[in-house]
Amino acid sequence: MKKIFRITLKTLGIILFILLVGGLLGWWYLSSQFLDFEDDYVQKTDIPMVTIGGHSFLDRNENGELDIYEDNRQPIEARVEDLLSQMTVEEKIHILKGSGMASGLGMVEPGEGIPGVVGTIVATPRLGIPSINLSDGPAGLRIEPKRDGVDRTFYCTAFPIATLLASTWNTELVENVGQAMGNEALEYGIDVILGPGANIHRHPFCGRNFEYYSEDPLLTGKIGAAMVNGIESNGVGTSVKHFVANNQETNRNYNDTRVSERAMREIYLKGFEIIVEDAQPWTIMSSYNKVNGTYTSESKYLLTDILREDWGFEGLVMSDWFGGNDPVSMVNAGNDLLEPGTKKQWKALTVGYEDGTLDMDAVDTSVRRILTLIFKSKKMTAYNYGENPDLEAHAIITRKSASEGMVLLKNDDVLPLEKGQNVALLGVYSYDFIAGGTGSGDVNEAYTVSLEEGLTNAGFRVSPTANQAYQKHRAANEEAFEKPEGMSAMFNPYHPPEMSYDSNLMETIASESDLAIITMGRNSGEGGDRVVADDFLLSDKEKEMLSTTCDAFQKAGKKVIVVLNIGGVIETASWKNQPDAILLAWQGGQEGGNAVADILTGDVNPSGKLTMTFPVHVDDHASNTNFPQNGLPMQIKDMLLGKDEVPEDEMVQNVDYTNYEEGIYVGYRHFDKANLKVSYPFGFGLSYTDFAYGDIETVQENDTIKVSVPVSNIGKTNGKEIVQFYVSKDSTQIDRPTQELKAFAKTKLLGTGATDTVQVKIPLNYLRYWNENSSQWTLEPGKYIIKAGASSRDFKKSTEIKI
Ligand code: BGC
């Protein structure tokens, strides 16, 4: 017996030992390859200040002389050339890749970095060049709010998600949001914000649509450029991502987008092109996927021929995190910076230099671009990081922009509400409001205002019985209500179970309340796509909650409002007749609940409009057969360690490759061409007031068509109208969409009876199509119709021009 016991104990001991050694070895491997491998490249902190000929400067290389690159009176180009000439090959290669993921995982020694900074440009200590901090993301800065040994917090503002911001169609407002977001980066010592996202909503199920603006490239480009201009006005950079045709999360690191050149140029590249033209961002992030067989980060055609040569992009391209396959091909193609950087990439570049496959001209070009960014950054100035951005002021901007991007979908004489009423708040998301999506687009904010709080702040009384039902439900499902934290929150959207109300309880709630508000929530994010059941479609519980509520309340002559706290399109056609009003609140950031209350009370008249179509059925989308329907979870192992190429005959459709068979027929371009019914069309949104459009006028001046139309507020409430200008070509030799958005404008806040004449410019080159025969943009001569509309299916005035 004793012997058996001894043997068992010994075996257990050996197993434990193996596990321990295995664990330690695994950790050592991970750490030395991916986290922290930069012992010799630590930022120099004690650079001496020297004065020569009355000019004081930081003697970065400590040679006692004023080098051109040290002289801040010199132009950046001259400083870059001088510095480049002093760098060794090793230093050049070294700066092409980041320093690993350690700070991204919060692993920084106190005082030595910023926890949560997800990537860096490495320092060059011999020459006194500092390291540069890169942080996510599109809805606000993402850094860790707490630091070891520091007795304060570093929260950032959770601004509304990108889709909501685009739904404002207000470039000035988006620029203001960008200014605030960039200011947080500046004050916290971040040099580049990894955003905005400019991918197209090709299909409603892409898990990251909330980080992107629209199904339309013009709107994407204009809103994206406003965001870039706003952020960069602070002297910090942006990284417009993910370049390009990265429209699904399923197998996102290896999927091959198979797409026509015309769809690339007119749809997927167009938004990026407009951003480059209107905002010349500091950086662009290449995407994970391949396009027609080549990783975007290894595609000279995309990164050099199109981006640099055709469009004149001057900034640098960085990879997405661990993206691309072959570091040498990446640099040779024009992917200047590999993020977050791994030891393997470093070695591969060194081997490429030794065997001559790494093009040293390309290396110099990339290093030049990286150094230019460093010289532009505040790290090369004596900027005193305040570390205390005005979070209260930014919360006000968040609330304002959130309410302006919410879209009123239905209103049968119920809104705006009189304050002070007794409201039954139903559904878990009324109490647990979602500020934004998950993944790198998530923000560590100090608080999120729920709808319950928002309505209470606005002077409503919230039904105690409904509230108690929620509390009871929460207590009974304690575990499911635990919000994932840290890394786990990155890839696990929070989905607490929805409530059921029996009809007796609902009747009691109805008898105690003046009206009901049901919030329906959805949460998605990086690493996974959405699905039909319980996501695009309402779940059985949601359907039941809606019916039970409508039965009890409407029978008692009381109204029911549905608030959609979602990040992407859901099905609405089958149930929208049930409630009296539907407000698409999107995910409004940390002030979401207050912003919804602003709309419901009429303190803010809704003026948001849809930036995508809400279809009747998801399979009405032309892209539906070529989109993964059962989104596979992300494989972190494959992302870190790489994956073997799948042989062509073993490839799985929509996983290993995706055929963009619909070509340019994305979103309303398809629904209009195929003359399909939709639940809500692109560009749709209601107001509490009405607008009348005067006659549309056009003047053609050189290469631009100037279009104007007077818009009057003929209702009883102040409001803003979004005027959309669509262009059609009636007789055409080519296959083209029925109409395409070519400009838009938002009126100022119009008092009742007031008129604003909106004016837009349509460059003639926006009317061109990509001619696949000649591989160039072509302008078809003839008659074009310009229509001014309140949505893509509600045209008010039109006119013709001849070209
Ligand atoms: C995402 C990027 C993000 C990066 C850094 C990647 O997984 O695709 O959008 O900027 O991580 O967090």
| task | Using the side-chain contact (heavy atoms from CB on, under 4.5 Å) rule, take R252 and H242 through it: C-alpha gap first, then chi angles, then the decisive distance, then the call. | result | CA-CA 11 Å; R252 66 172 186 173; H242 308 89; over 6 Å; no
| task | Give the intermediate values and the outcome of side-chain hydrogen bond (donor to acceptor under 3.5 Å, both in side chains) for residues Q653 and N626. | result | CA-CA 8 Å; Q653 189 178 357; N626 289 298; 3.0 Å; yes
| message | D703 vs R768, test: salt bridge (Lys or Arg N to Asp or Glu O under 4.0 Å). Steps then yes/no. | response | CA-CA 12 Å; D703 289 342; R768 297 178 307 178; over 6 Å; no
| task | For salt bridge (Lys or Arg N to Asp or Glu O under 4.0 Å), just list the numbers for R793 and D672, CA-CA rounded to whole Å, side-chain angles, deciding distance to a tenth of an Å, and then say yes or no. | result | CA-CA 9 Å; R793 295 213 168 168; D672 293 346; 2.9 Å; yes
| request: Go through L779 and L767 one step at a time and tell me if the side-chain contact (heavy atoms from CB on, under 4.5 Å) criterion holds. | output: CA-CA 7 Å; L779 185 62; L767 305 186; 3.7 Å; yes
| request: Please report the C-alpha distance between V709 and V758 in whole Å, then the side-chain angles of each, then the deciding distance to 0.1 Å, and finally whether the side-chain contact (heavy atoms from CB on, under 4.5 Å) criterion is met. | output: CA-CA 6 Å; V709 67; V758 301; 3.7 Å; yes
| query | K720 and E404: salt bridge (Lys or Arg N to Asp or Glu O under 4.0 Å), yes or no, with the steps? | reply | CA-CA 10 Å; K720 297 181 189 176; E404 186 148 340; 2.9 Å; yes
| said: Using side-chain hydrogen bond (donor to acceptor under 3.5 Å, both in side chains), reason through W282 and T238 one step at a time and then give a plain yes or no. | reply: CA-CA 6 Å; W282 285 22; T238 53; over 6 Å; no
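A cation-pi geometry, defined here as NZ or CZ lying under 6.0 Å from the six-membered ring centre and within 45° of its normal, does not hold between K797 and Y693. Seen from the ring of F795, K787 counts as a face-on cation partner, given the 6.0 Å and 45° thresholds. Judged by a 6.0 Å distance limit and a 45° cone about the ring axis, K410 is not positioned over the six-membered ring of Y680. Judged by a 6.0 Å distance limit and a 45° cone about the ring axis, R258 is positioned over the six-membered ring of Y657. Stacking of K270 on the aromatic ring of W777 is recorded, both the 6.0 Å distance cut-off and the 45° axial limit being met.
Under the ring pair (Phe, Tyr, Trp, His ring centres under 6.0 Å) test applied with Y668, the options F684, F682, F614 reduce to a single match, F682.
Enclosure of atom CD in E772 by more than 12 non-hydrogen atoms of other residues, nucleotides or ligands within 6.0 angstrom is indicated. More than 12 heavy atoms of other residues, nucleotides or ligands sit less than 6.0 Å from atom CD of E309. Applying the 6.0 Å contact sphere to CG of D730 captures more than 12 heavy atoms from other residues, nucleotides or ligands. The 12-atom threshold is not exceeded at CD of E697, counting heavy atoms of other residues, nucleotides or ligands nearer than 6.0 Å.
Using modelled atom types, one finds no donor on one side chain facing an acceptor on the other under 3.5 Å when comparing Y660 with E662. Between the side chains of T755 and S712, at least one donor N or O sits under 3.5 Å from an acceptor N or O. For the residue pair D320 and S287, no side-chain donor N or O sits within less than 3.5 Å of a side-chain acceptor on the partner. Under the 3.5 Å distance criterion, with hydrogens and angles disregarded, a donor-acceptor pair is assigned to the side chains of E780 and T732. Under the 3.5 Å distance criterion, with hydrogens and angles disregarded, a donor-acceptor pair is assigned to the side chains of Q248 and T658. There is a side-chain donor-acceptor pair under 3.5 Å between S366 and D336.
Ring geometry for F744 against W169 counts as perpendicular: the plane angle is over 60°, on a 0 to 90° scale with 30° as the lower cut. Taking the six-membered ring where tryptophan is involved, the planes of H201 and Y212 are tilted, since the angle between them lies from 30° to 60°.
Looking at heavy atoms from C-beta onward, T296 lies in side-chain contact with N289 at the 4.5 angstrom threshold. No side-chain heavy atom of L409 sits less than 4.5 Å from a side-chain heavy atom of L583.
Between F627 and H203, the ring center distance clears the sub-6.0 Å criterion. H621 and F671 have their aromatic ring centers within a separation under 6.0 angstrom.
Ion pairing between K222 and D216 fails under the 4.0 Å rule for side-chain N and carboxylate O. Look at K748 and E172 and you find no salt bridge, because none of the NZ, NE, NH1 or NH2 atoms lies under 4.0 Å from a carboxylate O. A salt bridge does not link D620 to K677: none of the charged side-chain nitrogens sits closer than 4.0 Å to a carboxylate oxygen. A salt bridge links E701 with K706; the closest basic N to acidic carboxylate O contact falls under 4.0 Å. Under 4.0 Å is where a charged nitrogen must lie from a carboxylate oxygen, and between E215 and R202 no such pair does.
Atoms NE2 and CG, on H670 and N624 in that order, are 9.5 Å from each other to the nearest 0.5 Å.
A donor-acceptor contact shorter than 3.5 Å is absent between the side chain of Y766 and the backbone of L741. When atom types are taken as modelled, the side chain of Q739 and the backbone of V727 share no donor-acceptor pair closer than 3.5 angstrom. A donor-acceptor pair is defined here as one N or O able to donate and one able to accept, closer than 3.5 Å; such a pair exists between the side chain of S728 and the backbone of T738. Here the side chain of D529 pairs a donor or acceptor atom with the backbone of G207 at under 3.5 angstrom. Formation of a donor-acceptor pair under 3.5 Å by the N605 side chain with backbone atoms of N718 is found in this model.
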